Each structure stands twice: as structure tokens, then as C-alpha cells.
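In this chain, residues are counted from 1 in sequence order. Worth saying up front: this structure is predicted, and the values here are computed from it rather than measured. When a ligand or atom number is given, it counts from 1 through the structure's own listing order.
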Amino acid sequence: MTDHKDVFEPDQSIVDNAWVSDWKALEGKAKADPLAYWEERAQELEWSKPWDKVLDDSNKPFFKWFTGARTNIVTNAVDRHLTTARRNKLALIWVGENTDEVRTFSYFALNREVEQMANVLKAMGVRKGDVVTIYLPRIPEIFFAMLACAKIGAVHSVVFAGYSSEALNARIDGSESKVVITADGSWINGKIFPMKQIIDDAVKFSPTVENVIVVRNTGSEVSMDSTRDHWYHELCKLPIAKGKCETVQVDAEDPLFILYTSGSTGTPKAIVHTHGGYQVGTYTTLKQCFDIKEEDRWWCTADPGWITGHSYLVYGPLLNGATAFMHEGGPTYPYPDGWWQLIEHYGITSFYTAPTAIRTLMRFGDAWVRKHDLSSLRILGSVGEPINPEAWRWFHDVVGGGKCPITDTWWQTETGMFQITTVPSMPLKPGAAGRPVFGQEAAVVDEDGNELPAGKEGFLVLKNPWPAMMRTLYKDPDRYLKTYWEKYPGVYLTGDSARIDEDGYIWIIGRTDDVIKVSGHRIGTAEVESALISHPAVAEAAAIGLPHDVKGNSIHCAVILSQGYKPSKQLTADLRAHVAEVLSPIAKPDIFDFPEKLPKTRSGKIMRRVLKARALGQDEGDLSTLEE
Ligand code: WTA
């Protein structure tokens with residue numbers, strides 16, 4: 001074992017200055033009466049009509065929060081700051097991949113941009129409840145587009161700007177969007193990713209799309225269909241874009257967005273989040289867990305195309321009146337100190353990223369970090385997958401100079417807000433995600449739903465409803481019931497395995513279903529397999545995740561070839577490229593095997609568990625259902 005500490009006690013100065021100084025007291029209070037606790041949190045925000053009930057659980061598990069209330073997340077994220085000194089405070093600092101490109105927006109300026117985009121959407125006939133698909137890179141316009149939709153009561157569906165046309169097409173069709181907002185392209189490590197071309201392919205067969213708004217970003221040549229496509233900067237010059245745009249007051253339970261995420265089977269699921277509960281949950285958790293203060297500069301490196309970007313890059317910071325920092329570029333381009341340089345240059349105080357990025361940067365050595373003065377940092381955070389203690393310590397000692405607490409945050413697209421994490425006044429354990437957020441209780445159960453004692457590994461479940469929880473799956477309430485609430489009635493099934501230690505800290509182990517976390521990205525084995533099967537050489541395919549030092553997991557595929565095809569280096573390269581093209585470059589498999597046949601049950605289901613054991617040279621376990 002190492003001689004490192006296993007528990008980090010917070011400095012007294014951190015405890016004294018934190019929003020939550022006495023975490024034990026607050027934990028106890030929230031546990032005794034979770035609804036009173038959440039009601040108090042909601043009272044910190046503005047509502048144009050108060051709620052009749054904090055929680056309506058009359059139709060479980062279709063929970064409703066703050067029923068009867070009227071609000072809009074934009075009222076709280078933007079409008080309410082405009083009548084205070086915050087109107088002149090920076091809401092957003094944006095730096096391009098080319099770091100000479102910088103754009104900043106005060107809350108006043110942000111509001112102007114959001115009103116402009118909202119006016120354009122209204123002029124295109126977007127009405128309350130309509131779904132607008134947003135396919136934009138990490139540029140300020142993605143903030144404007146999301147907030148503009150919310151402002152007029154439309155529902156945004158952001159699709160990560162790395163998805164390819166087939167995946168995008170399925171998401172546009174699923175949501176029946178009439179308007180799509182995109183860019184001419186995005187910068188990835190000095191190269192242009194042709195977003196507009198991908199949109200063109202995606203909407204070719206989408207009967208609902210009437211208008212495509214194109215933001216100029218890379219300046220590359222793109223083809224424009226004059227009956228459908230509009231440059232955003234040209235729309236902004238028209239009278240339709242000008243003038244004030246009221247923030248529509250909506251019901252607390254009206255949908256704010258849908259976000260597609262990978263499931264264990266079949267097509268991706270569209271998670272539905274609402275205005276009222278989501279604003280309370282994201283506002284509260286960011287404030288408490290990262291101790292957001294007026295003078296902070298908050299950098300969340302996630303892309304707005306994922307839930308982390310939605311909750312803690314766009315909405316959470318603005319709800320807190322904070323200054324958010326967004327960077328278009330990745331961690332290692334052009335040099336592996338780009339991020340450290342930005343922290344120094346912009347005086348970032350709070351830095352929230354993913355273990356895969358930490359491990360990547362750790363590999364380049366300490367010198368890249370030490371070249372920079374990172375003394376502005378006061379708190380660090382991690383999300384997306386378990387952070388291994390080695391990476392935790394490097395992040396803590398080298399990046400944080402030994403003085404910054406690390407808030408590890410376990411949560412999901414479905415949960416909308418943190419569920420298992422810490423606040424800075426708590427002792428920290430490297431590698432443990434932390435404790436359930438105030439008002440929440442978690443348990444680890446066995447196959448039959450019996451709660452397991454401390455130290456035993458099992459299925460992680462959440463016991464209480466929480467305000468930012470998903471309300472349903474878009475157009476698929478049955479799947480919502482089945483996926484999350486049926487296996488263990490009365491509790492929410494997370495899909496993760498974990499153990500709880502004697503102090504009540506939860507150690508996440510990983511997914512128990514066929515979802516693979518690759519570099520923190522959530523990928524379904526079913527999506528990779530169906531991408532592979534669309535290639536003529538592939539008769540059958542099975543994808544599994546295997547441990548990977550930097551990425552957490554990597555994708556391995558076992559492929560049965562169609563007649564006439566033989567394994568070769570070229571074929572492997574073709575298959576990888578094919579997955580990147582039809583699904584996304586983030587889903588590219590690392591390794592291909594070409595076995596004679598796949599292990600299957602007698603009913604024909606692929607036994608991925610067996611493939612995984614074989615690949616790892618482990619015991620294959622109970623093989624009684626295997627057909628061979
Ligand atoms: C995993 C990302 C360990 C987990 C916010 C979960 C984590 C899935 C952590 C959700 C963490 C997320 N420690 N595992 N701090 N955060 N996960 O929907 O397996 O992209 O179920 O949401 O990521 O992934 P999603």
C-alpha cells in the first residue's frame with residue numbers, strides 16, 4: 001500500500017467560509033423533512049406564482065414538483081440578475097480553440113443575445129412546446145440557443161456536435177423538430193469538423209424540418225439551400241430579430257429540454273427535464289457542492305451536448321449569477337498545457353473536468369503544470385466515471401497545489417443534478433464519490449432488492465424523489481417505468497454497482513448494464529453493434545467495454561464476417577472508420593476480434609459477460625444457459 005492519506009480533512013478556513021459549514025446538521029435536517037428542505041431551496045429563486053404543493057407523488061413514479069407554480073428558468077438564470085449590479089458582471093467568458101479568439105458577455109449582453117435568438121425563433125413559427133434541435137459546437141451561440149428556446153417556452157434538444165448524420169437524423173425525427181440550429185463547422189485539433197454537411201445529410205429525409213439556422217464559426221465554404229438554410233448573422237440584421245422579447249411564464253412542470261442518452265438496449269432514450277424542479281436542483285447543488293461565490297470564475301470543461309454541460313456549464317452557473325468560462329478546445333491541442341495556461345490567464349477559481357482528461361494530462365508529466373501559476377484555483381471537481389486514487393492525488397497535489405478540495409460528483413443524464421458527492425466542508429476520500437446529496441438517500445441492494453451491509457458490492461438505488469429528476473422518457477412512459485422503476489419497486493434503479501463504507505461514503509464501481517463509459521462518454525453496446533451491422537462485411541457483432549488506463553473503458557468488438565470476407569488490417573480500419581461515420585468518432589472501437597461464433601444463450605441472446613471474461617482471461621462463470 002501507499003503511504004498516502006486515505007482521508008483528507010478540510011482546512012478550517014474552508015469550513016468557516018463555505019455555504020454549507022455544518023454539513024452534518026444540514027444532512028440531518030434534510031433527512032428529517034426532505035420536502036421542507038427543498039421548499040426552502042426553491043424559495044431562493046423567483047416564481048411568478050407560488051406552488052400549491054412541493055411534491056405531488058399521487059401517480060408514482062411520475063413525480064411532479066412545485067405543482068401549480070409558474071416560472072421560467074430564464075427568469076432565474078438571466079432576467080433576475082438584470083435588476084442588480086450583476087447586470088454588469090461577466091456571465092460568460094469564451095475562448096476559441098485558437099486562444100487569440102475571445103468573446104465575453106455581461107449578463108446584460110447575454111440577455112440581448114438571447115432576446116435576439118428568441119425573436120428569430122418566434123419569427124420562424126416556433127411556439128411553446130415545440131422542440132428545436134441544437135447541433136452546435138462549444139461556442140457562445142449554444143448558450144444563446146438553449147436560453148432562447150427556454151425563454152419562449154420551446155423545448156431544446158441538444159445533440160452533441162460529434163454525432164454523425166444517422167444518429168442526428170434519428171434524434172431530429174424522434175423530436176419532430178421544425179427548426180435546427182447549427183454552425184458551418186467546428187474546430188477539432190486544428191481541423192474542421194463539417195457540421196453543416198452532416199446536418200444536410202441528416203435533414204435530407206426529415207419531413208418536419210422547415211428551417212436551418214447556420215452560425216458562422218469556422219468560415220468554411222458550405223452549401224446553403226435557399227429555401228431552408230439561413231445564416232444567423234444575416235437573420236440578426238432583419239427587423240424580426242430586433243427588440244425586446246418577454247420571458248414566457250410556464251408551468252413548473254412544463255418541459256425545458258429533452259436530451260438523448262444511450263441505454264442498454266435499442267435506440268437512445270430521450271430524457272425529459274422540466275423548468276421548475278430542474279432549476280431548483282441545479283442551482284442548489286452547484287452552490288453547495290462547489291461553494292460558488294460572487295467572485296468565482298467557474299470552468300466546467302464538459303460540452304453542452306451532454307447533461308454535464310446543460311446543468312453545470314449553462315444553467316447552474318447562470319442560476320447562481322456566476323461567471324462561466326467556456327473553451328472550444330480540448331486538453332492537449334496544441335500543447336498539453338493549454339488548459340493550465342487558460343486557468344492562469346483567466347484566473348479560474350473552480351475547475352470541473354473528467355477523470356479521462358486528468359489521466360491524459362497526468363501522463364505528460366508535472367512540468368507542463370508547474371510552468372503555470374495556478375494559485376487562483378480554490379476548488380476542483382470530477383465527473384463522468386470513477387476517479388482512481390492515483391489520478392485524484394495528482395489532481396489534488398499537482399494541479400490544486402494541495403490546497404483545493406476535490407468534489408467528485410456522481411450523477412446521470414436522468415438525475416439532472418448531482419446525487420452522490422461532497423460539499424467542501426466534508427472530509428474527502430480519494431476514489432469515493434461521496435455521500436447522497438442533502439434530501440437524498442441511497443442504498444446498495446442485491447439481485448432481490450435486499451439492502452446490503454457496509455462494504456458489500458451491489459446495485460445502487462436512490463430512495464427519494466428529487467426536484468431535477470427526469471419526468472419521463474419522451475413519448476415512451478412505459479420504457480421509463482420499465483427501465484428505472486420496475487426491478488425494485490419504490491426505488492430508482494441507477495444501473496451502477498457500488499459499495500457503501502462504514503462512514504456512509506459511496507464507492508462507485510461502474511455500470512452493470514450494457515452501457516460503456518468511454519472517456520466519460522456514454523455509449524450503448526447496441527448502438528455500436530447496429531452501426532457495425534450496417535457494414536456489408538459484418539454478419540453479427542457484439543461490443544463490450546474493457547478497462548483502459550486513460551479512457552476508463554475501451555470498446556472491443558467481436559465480429560462474425562459475412563461470407564466472402566476475411567479478417568485483415570484493412571478491414572479492421574474500415575470497420576472503425578465506419579462506426580465513426582455512422583455513429584460518432586467517440587464510439588470508435590479499439591480492438592476487433594473475428595471469432596468463429598459468438599457465445600449465445602439458447603434463446604439467441606449474446607452473452608457479453610462471457611466475451612468479457614474471455615478477453616480478460618477470467619473465469620467464465622455459470623455457462624448453463626450457453627447454447628454450445
Ligand atoms: C457514470 C454523466 C463514477 C455512472 C453526469 C453513471 C460516474 C453514468 C460518475 C451516467 C462519478 C458519472 N463516479 N461514475 N463521479 N459520474 N458516472 O448520463 O456510471 O453521461 O451511471 O451522466 O456515468 O452518465 P451520463
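Residues Asp496 and Trp410 have side chains that bring a donor and an acceptor to within less than 3.5 angstrom of each other. There is no side-chain donor-acceptor pair under 3.5 Å between Trp65 and Tyr278. Side-chain contact annotation: Arg511 with Asn553, donor-acceptor N/O pair under 3.5 Å absent. Residues Ser157 and Tyr474 have side chains that never bring a donor and an acceptor to within less than 3.5 angstrom of each other.
Judged by the shortest distance from any of its heavy atoms, Ala433 lies outside the 4.0 Å radius around the atoms of ligand 1. A heavy-atom separation below 4.0 Å is not found between Trp306 and ligand 1. Ligand 1 is never approached by Gly495 to a heavy-atom distance shorter than 4.0 Å.
Some N or O of Glu385 is nearer than 3.5 Å to an N or O of ligand 1, by distance alone. Note: an N/O pair closer than 3.5 Å links Arg511 and ligand 1 by distance alone. In terms of polar-atom proximity, Lys517 is counted as a contact of ligand 1, with an N or O under 3.5 Å from an N or O of the ligand. Looking at Ser382 next to ligand 1, no N or O pair under 3.5 Å apart turns up.
Ranked by closest heavy atom to atom 4 (C) of ligand 1, the top entry among Thr512, Asp496, Leu460, Ile516 is Asp496. The option from Trp410, Phe418, Trp507 that lies nearest to atom 7 (C) of ligand 1, judged by heavy atoms, is Trp410.
Within 6.0 Å of atom NZ in Lys456, 12 or fewer heavy atoms from other residues, nucleotides or ligands are found, so the atom counts as exposed in its surroundings.
Glu385 has a carboxylate O that lies under 4.0 Å from a charged side-chain N of Arg359, or vice versa, which qualifies the two as a salt bridge.
Using a 4.5 Å heavy-atom threshold, the side chains of Arg435 and Ile506 count as separate.
Here the two rings, on Tyr480 and Phe62, have centers that are under 6.0 Å apart. Aromatic rings of Phe290 and Tyr312 (six-membered ring for Trp) have centroids beyond the 6.0 Å cut-off, not under it. Residues Trp306 and His521 bring their aromatic ring centres within 6.0 Å.
When heavy-atom distances to ligand 1 are checked against a 4.0 Å cut-off, Asp408 comes that close only through its side chain, counted from C-beta outward. Only the side chain of Ile307 comes within 4.0 Å of ligand 1, counting heavy atoms alone; its backbone N, CA, C and O stay farther away. Neither the backbone nor the side chain of Val515 comes within contact range of ligand 1; no heavy atom lies under 4.0 Å.
Of all the atoms in ligand 1, the ones that sit under 4.0 Å from a non-hydrogen atom of Thr308 are 5 (C). For ligand 1, the atoms closer than 4.0 angstrom to any heavy atom of Thr409 are 9 (C), 11 (C), 15 (N), 16 (N). Residue Pro386 has at least one heavy-atom neighbour below 4.0 Å for each of these atoms of ligand 1: 3 (C), 13 (N), 14 (N).
Distance from atom 10 (C) of ligand 1 to its nearest protein heavy atom, with residue and atom name: Trp411 O, 3.6 Å. With hydrogens left out, the protein atom closest to atom 1 (C) of ligand 1 is Gly384 O, 3.3 Å, a heavy atom.
A ring pair (Phe, Tyr, Trp, His ring centres under 6.0 Å) with Tyr492 is found for one member of Phe63, Phe459, Tyr484, Trp411 and no other, namely Tyr484.
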